[in-house]
Amino acid sequence: MTRVLFVTSEVHPVIKTGGLADVSASLPEALCTMDHDVQIVLPGYPAAMAVAYASGARRRAQLNVGGFDVTLWQTRLPGTAVVLWLVECPPLFDRPGNPYQSSENEDWPDNAQRYCLFARVVALMALGEADLDWVPDLVHCNDWQSGLVPVLLDNARQRPATVFTIHNLAYQGLFSHRIFQALELPDSLWRFDRLEFHDQLSFLKGGLVFSDQLTTVSPGYAREVCQPELGYGLDGLLRYRQSALTGILNGIDTRHWDPQTDPLLDHHYSARSLGNKRLCRRDLQRRVGLDANGEGPLLGFIGRMVEQKGIDLLLAVLPELMDSGCQCVILGSGMRDYEQAALDLAEHHPKQLSVTLGFNECLAHRITAGADLFIMPSRFEPCGLNQMYSMRYGTVPVVHQVGGLGDTVFDPQTASADQANGFTFRSPEPPALRAAIDRALATFRKPKTWRKLQRNGMAGDYSWQTRAREYTNVYRQALAARQSADHD
């Protein structure tokens, strides 16, 4: 049995801002079914501490780290048997807003200090120096917030193996040299081949340089981050470390996302019996105020309303699509200009376009089930989960062929009839998106062909079990590399 400490800055259902939280919940649980003892460690945000107190968590250790009093609490991830450790430090983590930003959407000015302390506590746990009765064989870090953990472990004798997963290379945890000095990190780390990145401290680069093995969340994205276009200045380092880099698609929680049993739907259906999907569509139309008698295709979009997600491309093509009889439901939030543009468009087309700002789990499930087409025009997408949710629900995706979208969605123009499950486009421009949607609409008018696309998508394996086996292989490589280094 391999003992794994899974280091994350968010985990569903405790705290969530994006897909990292879903991965951090589902992957450890899947790994625990494969003879791994995986335990999660998370900062003690208010929501996390509320879970701890409600679940009768045990106080396991009192530490003083960098002048801060820290309490380690042990509980279980809600709804699972997975152990969850919480790093309580009220001056750094007990505050409103999401984990990284205030309620005004501004980064907390002390984020470097917050996640440096978190990394120092994790390093103590990993080395058996936190007075616990459990020490990991391997530490699995995720994104920039845990990037300093492999750095702090690097020179330790008999340290555990380390794996670092890139969920989104665009977020690098960049801070000034002044902050680097304030964190009291060794001056030897301020080098181009260590933590220094264009005269800034990069937490993410720490994970990339010092971890035994690297992963990212799709094979396509693993290739893309090694190229200048999507490497964000780190492509040279990633090419250098390419032999240690593995792309593994994320999975989805197929128990939570199942159209046959989903408790958030009023009507259930399966690939063999798709009739109730039409009832889900009408239910969605009524709930969001669209014309429930409209027979034109219903498009769905769920995601952040930012340039990366291509919301501007969708807004550019929607007026003509609605003129042709389409409807659309948008759920998300982000840049105010995009939010306002969507609201203005909905005001002019109240029976054809619904816009809900923010996030609503129930509405997300209803859109996924009720839409005919799911639109994901992301300029880049490390993995993407919504296209997998939509295919599992028989909602045909239209996606930009990048990252994990290209790894999961197969267009009839290039795939066999038994493999095709959606529509793709290669150029992130409105005409290319419109052309892909037009091809989808033409197919929508061919019921037999359309049902084949739906059923192909619903037959896909989106579970975490296959992905967990791939992570097991990466863990073996990291442990072998660590053992080899210990013998040198």
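- Rounded to the nearest 0.5 angstrom, M388 CE and N421 CG are separated by 11.5 Å.
- Using a 3.5 Å distance cut-off with no hydrogens or angles, the side chains of T165 and T215 do pair a donor with an acceptor.
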Where do V329 and L298 land on the side-chain contact (heavy atoms from CB on, under 4.5 Å) test, with the steps shown first? CA-CA 8 Å; V329 181; L298 176 57; 4.0 Å; yes

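- Ring centroid separation for the pair W144 and Y171 does not come in under the 6.0 Å cut-off.
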Please evaluate residues E361 and H256 with respect to the criterion side-chain hydrogen bond (donor to acceptor under 3.5 Å, both in side chains), reporting the C-alpha separation (whole Å), side-chain torsions for both, the decisive distance (0.1 Å), and the verdict. CA-CA 11 Å; E361 184 77 15; H256 186 61; 3.2 Å; yes

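- Counting non-hydrogen atoms of other residues, nucleotides and ligands closer than 6.0 Å to CD of E320 gives a total of 12 or fewer.
- Put simply, the side chain of D22 does not reach to within 4.5 Å of the side chain of I252, judged on heavy atoms.
- Looking only at atom types and distance, the side chain of T472 has a donor-acceptor partner in the side chain of H36 under 3.5 Å away.
- Without hydrogens or angle criteria, S211 side chain to Q213 main chain gives no donor-acceptor distance under 3.5 Å.
- Less than 6.0 angstrom separates the ring centroid of H140 from the ring centroid of Y475.
- Q454 and Y393 share no donor-acceptor pair across their side chains, judged by distance under 3.5 Å alone.
- Proximity of D253 to W464: side-chain heavy atoms (C-beta onward) are nowhere separated by under 4.5 Å.
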Could you go through the side-chain contact (heavy atoms from CB on, under 4.5 Å) check for C383 and Y221 one step at a time? CA-CA 7 Å; C383 177; Y221 195 56; over 6 Å; no

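- Checked by atom type and distance alone, the side chain of S24 never pairs as donor or acceptor with a backbone atom of V11 at under 3.5 Å.
- Salt bridge present: R278 and E295 bring a charged side-chain N and a carboxylate O closer than 4.0 Å.
- Considering R287, Q285, R281 in turn, R287 is the only one that fulfils the side-chain hydrogen bond (donor to acceptor under 3.5 Å, both in side chains) rule with D283.
- Neither side chain, Y462 nor T408, offers a donor N or O lying under 3.5 Å from an acceptor on the other.
- A donor atom on one side chain and an acceptor atom on the other are not found under 3.5 Å apart for W108 and Q101.
- At a threshold of 4.5 Å between non-hydrogen side-chain atoms, the residues R434 and R439 do not count as touching.
- Checking side-chain atoms of D372 against main-chain N and O of P297 turns up no donor-acceptor pair under 3.5 Å.
- Using a distance-only test at 3.5 Å, with no hydrogens or angles considered, a donor-acceptor pair links the side chain of S324 to the main chain of L321.
- Between S55 and T75, the side chains place a donor N or O and an acceptor N or O closer than 3.5 Å (distance only, hydrogens not considered).
- Among the candidates M376, K309, M391, the single residue satisfying the side-chain contact (heavy atoms from CB on, under 4.5 Å) test with N386 is M376.
- Between the side chains of T17 and N98, no donor-acceptor pair is found at a separation under 3.5 Å.
- Nearest heavy-atom pair across L237 and K205 is CD2-CG, 4.0 Å.
- Put simply, the side chain of R379 reaches to within 4.5 Å of the side chain of E307, judged on heavy atoms.
- L331 pairs in a side-chain contact (heavy atoms from CB on, under 4.5 Å) with only one of the listed residues (I302, V355, V288), which is I302.
- To the nearest 0.5 Å, atom CD1 of residue I15 and atom OG of residue S9 are 9.5 Å apart.
- Side-chain atoms of T424 do not come within 3.5 Å of backbone N or O of H400 as any donor-acceptor pair.
- Between K351 and L290 the shortest side-chain heavy-atom distance does not fall below 4.5 Å.
- Side-chain atoms of N360 come within 3.5 Å of backbone atoms of L363 as a donor-acceptor pair (strictly under, hydrogens ignored).
- Within the 3.5 Å criterion, the main-chain N or O of L204 finds no donor-acceptor partner in the side chain of Q172.
- Neither side chain, N142 nor T8, offers a donor N or O lying under 3.5 Å from an acceptor on the other.
- If you check the side chains of D262 and H365, you find a donor sitting under 3.5 Å from an acceptor.
- For the atom pair CD (Q242) and CZ (R223), the distance works out to 10.5 Å, reported to the nearest 0.5 Å.
- The aromatic rings of F118 and Y115 lie perpendicular to each other, with more than 60° between the two planes, well past the 30° mark.
- Between W257 and Y389, the ring-plane angle classifies as parallel under the 30° and 60° cut-offs.
- Distance alone, capped at 3.5 Å, is enough to place a donor-acceptor pair between the T395 side chain and the A371 backbone.
- Between the side chains of R304 and Q308, at least one donor-acceptor pair of N or O atoms lies under 3.5 Å.
- Contact check on R455 versus D418 returns no salt bridge, with no Lys/Arg side-chain nitrogen under 4.0 Å from an Asp/Glu carboxylate oxygen.
- With rounding to the nearest 0.5 Å, the separation of CZ in F380 from CG in L405 is 11.5 Å.
- Proximity of a side-chain donor or acceptor of R76 to a complementary backbone N or O of A81 within less than 3.5 Å is detected.
- The two atoms that bring L385 and G19 nearest to each other are CD1-CA, 4.1 Å, heavy atoms only.
- The closest side-chain heavy-atom distance from L353 to M322 is below 4.5 Å.
- For the residue pair Q260 and S270, no side-chain donor N or O sits within less than 3.5 Å of a side-chain acceptor on the partner.
- Side chain of S416 to main chain of Q419: a donor-acceptor pair is present (N/O by atom type, distance under 3.5 Å, no hydrogens or angles).
- Inspection of the S463 and D461 side chains reveals an N or O donor paired with an N or O acceptor under 3.5 Å.
- Residue pairs meeting the side-chain hydrogen bond (donor to acceptor under 3.5 Å, both in side chains) criterion with at least one member in residues 328-340, sequence neighbours excluded, are Q340-D344.
- Environment of CZ in R255: sparse, with no more than 12 heavy atoms of neighbouring residues, nucleotides or ligands closer than 6.0 Å.
- Taken from CG in D37 to OG1 in T2, the straight-line distance is 9.5 Å, to the nearest 0.5 Å.
- Checked by atom type, the side-chain pair Q227/D235 shows no donor-acceptor distance below 3.5 Å.
- Atom CZ of F164 is separated from atom CG of L214 by 8.0 Å, given to the nearest 0.5 angstrom.
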